[in-house]
Amino acid sequence: MLNILVVGSINMDIINRVHEFPEAGETVKGLGAEYLCGGKGSNQAIAASLAGGNVTMIGSVGQDSFANQLLATVQGYGVNTSLVMSKEGFSGLAFINVNDKGENTIILSEGANGKMNPDDIRSSLSILEQTDLLLLQNEIPWETNEMVIEEARRKGVFIILNPAPATSISDELLQKIDLLILNETEIETITGISAGSAEQAEEALRCLIHKGSREVILTLGEKGTSYMNTSLVKIDVPAFQVNAVDTTAAGDTFIGAWATLLRSPLSTEEKLRFASAAAAIAVTRKGAANSIPTRGEIEQFLRERHGS
Ligand code: RIB
């Protein structure tokens, strides 16, 4: 089994459903609220675990009433949380609004995630000796990500970075990442190129490769997914058509599922379809962690859609 390490965030998602998002200064009545486990780090860890990876997470929860619930949930999906720390103060919170189209807006209060400093986790990184693949996002301090990337490179671990929420990244750091997985907003932040059309997406992907990225996947929601590596050939896979009720964690689900295919003999196109199927299932369900499918569900979906 592939050993996957996720160093990242764990959040309590406070989800409000609304018909339409309020304008600035406007108050609208919500249709009901839920408290569910989320956070890009733990969502990706859970997605990788459910898709068949052996996943360990390094993260941080607060000393509040959410902490135990969050840990129990992540553990319940088969993720090893023995390296998750407890930090004074509150756990990460994500205030999420979901409208009738399944779109979301998210405001993050980083809480314990923001307190995960390089020195806090240095000793836990001995686990890199037994790690095949490292998954990182941008919901913990950036200097912690940089330190982990350096250590992982020294140990020859394959590194996937999902720079979400969007952040600019130096060319030097891009060259240290094996695979970058990002969306339209994130690629524009790094390259300055909007990926609105297929041509612009290709230009933005080429720009990342010229900056030194080795492999890039651009996730474009209902417009599908594009992949490019140093050969500069773009591979496009359309999104599966589904009735979206909540797009929260769709990207995380894609990434976790993709990560489990590191050693798979499947073609790049087949891998993209597998990860896209996982994301497609997630958007038909409400919430973050609880919307993520198992490997069996992904394979069943693919059989139904393509007979494969
Ligand atoms: O990617 C979705 C996640 O972003 C949510 O679960 C929320 O916690 C925010 O981190």
Side-chain angles (χ1 to χ4, degrees), residues 6-17 33-50 57-62 64 66-67 69-71 73-74 76-77 79 84 90-99 102-116 135-142 144-145 160-167 180-187 189 217-221 225 244-259 275-276 278-293:
V6 179
V7 182
S9 59
I10 306 173
N11 293 329
M12 177 55 81
D13 288 356
I14 302 172
I15 307 165
N16 244 305
R17 301 194 74 86
E34 280 179 292
Y35 288 68
L36 294 170
C37 176
K40 293 186 196 305
S42 61
N43 292 342
Q44 292 178 23
I46 290 166
S49 174
L50 291 181
M57 174 150 198
I58 298 180
S60 173
V61 291
D64 55 3
F66 293 139
Q69 187 186 338
L70 291 171
L71 275 178
T73 305
V74 180
Y77 288 108
V79 176
V84 174
F90 63 90
S91 301
L93 299 174
F95 299 90
I96 304 181
N97 294 322
V98 181
N99 70 8
E103 299 164 332
N104 64 45
T105 63
I106 303 180
I107 298 176
L108 283 177
S109 276
E110 61 183 2
N113 300 307
K115 296 180 179 164
M116 216 166 94
L135 266 176
L136 297 166
Q137 313 76 30
N138 181 31
E139 289 188 344
I140 60 169
W142 191 248
T144 303
N145 271 347
I160 299 181
L161 174 66
N162 169 225
T167 183
L180 203 59
I181 306 183
L182 71 188
N183 69 16
E184 217 170 321
T185 312
E186 292 143 14
I187 205 167
T189 303
I217 297 174
L218 175 60
T219 57
L220 295 164
T225 308
V245 298
D246 185 351
T247 56
T248 309
D252 298 330
T253 304
F254 179 100
I255 293 165
W258 171 278
S276 301
I281 297 169
V283 304
T284 65
R285 301 172 178 173
K286 291 180 184 172
N290 51 305
S291 72
I292 298 170

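Just so you know, residue 1 is the first one in the sequence shown, and it goes up from there. Just follow the structure's listing: the first ligand is 1, and inside any ligand the first atom is 1. Predicted model only: the values in this text are computed from it and were never measured.
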Task: Ligand-side contact atoms (ligand 1) for residue partner G38, heavy atom cut-off under 4.0 Å - done: 6 (O), 8 (O)
TODO: Could you tell me which atoms of ligand 1, counted from 1 in the order shown, lie closer than 4.0 angstrom to a heavy atom of A94?
DONE: 7 (C), 8 (O)
Task: D252 neighbourhood, listing ligand 1 atoms whose heavy-atom distance to it stays under 4.0 Å - done: 1 (O), 2 (C), 3 (C)
Task: S291 side-chain N/O to G287 backbone N/O, donor-acceptor pair under 3.5 Å - done: yes
Task: Residue-ligand contact G39/ligand 1, heavy atom below 4.0 Å - done: yes
Task: Shortest protein heavy-atom distance from atom 9 (C) of ligand 1, along with the residue and atom involved - done: E139 OE2, 3.6 Å
- [ ] Look at the side chain of E139 and the backbone N and O of S9, then say whether any donor-acceptor pair between them is shorter than 3.5 Å.
- [x] no
Open item on the list: For A279 versus F254, what's the shortest heavy-atom pair and its separation?
Closed with: CB-CB, 4.2 Å
Open item on the list: Any donor-acceptor pair under 3.5 Å linking the side-chain atoms of N145 with those of N138?
Closed with: no
- [ ] Scan side-chain atoms only and decide if T248 and D246 contain a donor-acceptor pair under the 3.5 Å cut-off.
- [x] yes
- [ ] Return the residue, atom name and 0.1 Å-rounded distance of the protein heavy atom closest to atom 3 (C) of ligand 1.
- [x] N43 ND2, 3.6 Å
Open item on the list: Please list, in number order, the atoms of ligand 1 under 4.0 Å from a heavy atom of A288.
Closed with: 6 (O)
Open item on the list: Counting non-hydrogen protein atoms only, what is the nearest one to atom 4 (O) of ligand 1? Give residue, atom name and distance.
Closed with: K40 NZ, 3.1 Å
Open item on the list: Suppose we screen for side chain to side chain donor-acceptor pair (under 3.5 Å). Which residues come up paired with N16, at least two apart in sequence or across chains?
Closed with: none
Open item on the list: Show every salt bridge (charged side-chain N to carboxylate O under 4.0 Å, His left out) that has at least one partner inside residues 248-258, sequence neighbours left out.
Closed with: none
- [ ] May I ask you to list the atoms of ligand 1 that are less than 4.0 angstrom from any heavy atom of I106?
- [x] 4 (O)
- [ ] Please report which non-hydrogen protein atom sits nearest to atom 6 (O) of ligand 1, along with the residue it belongs to and the distance in Å to one decimal place.
- [x] D13 OD2, 2.6 Å
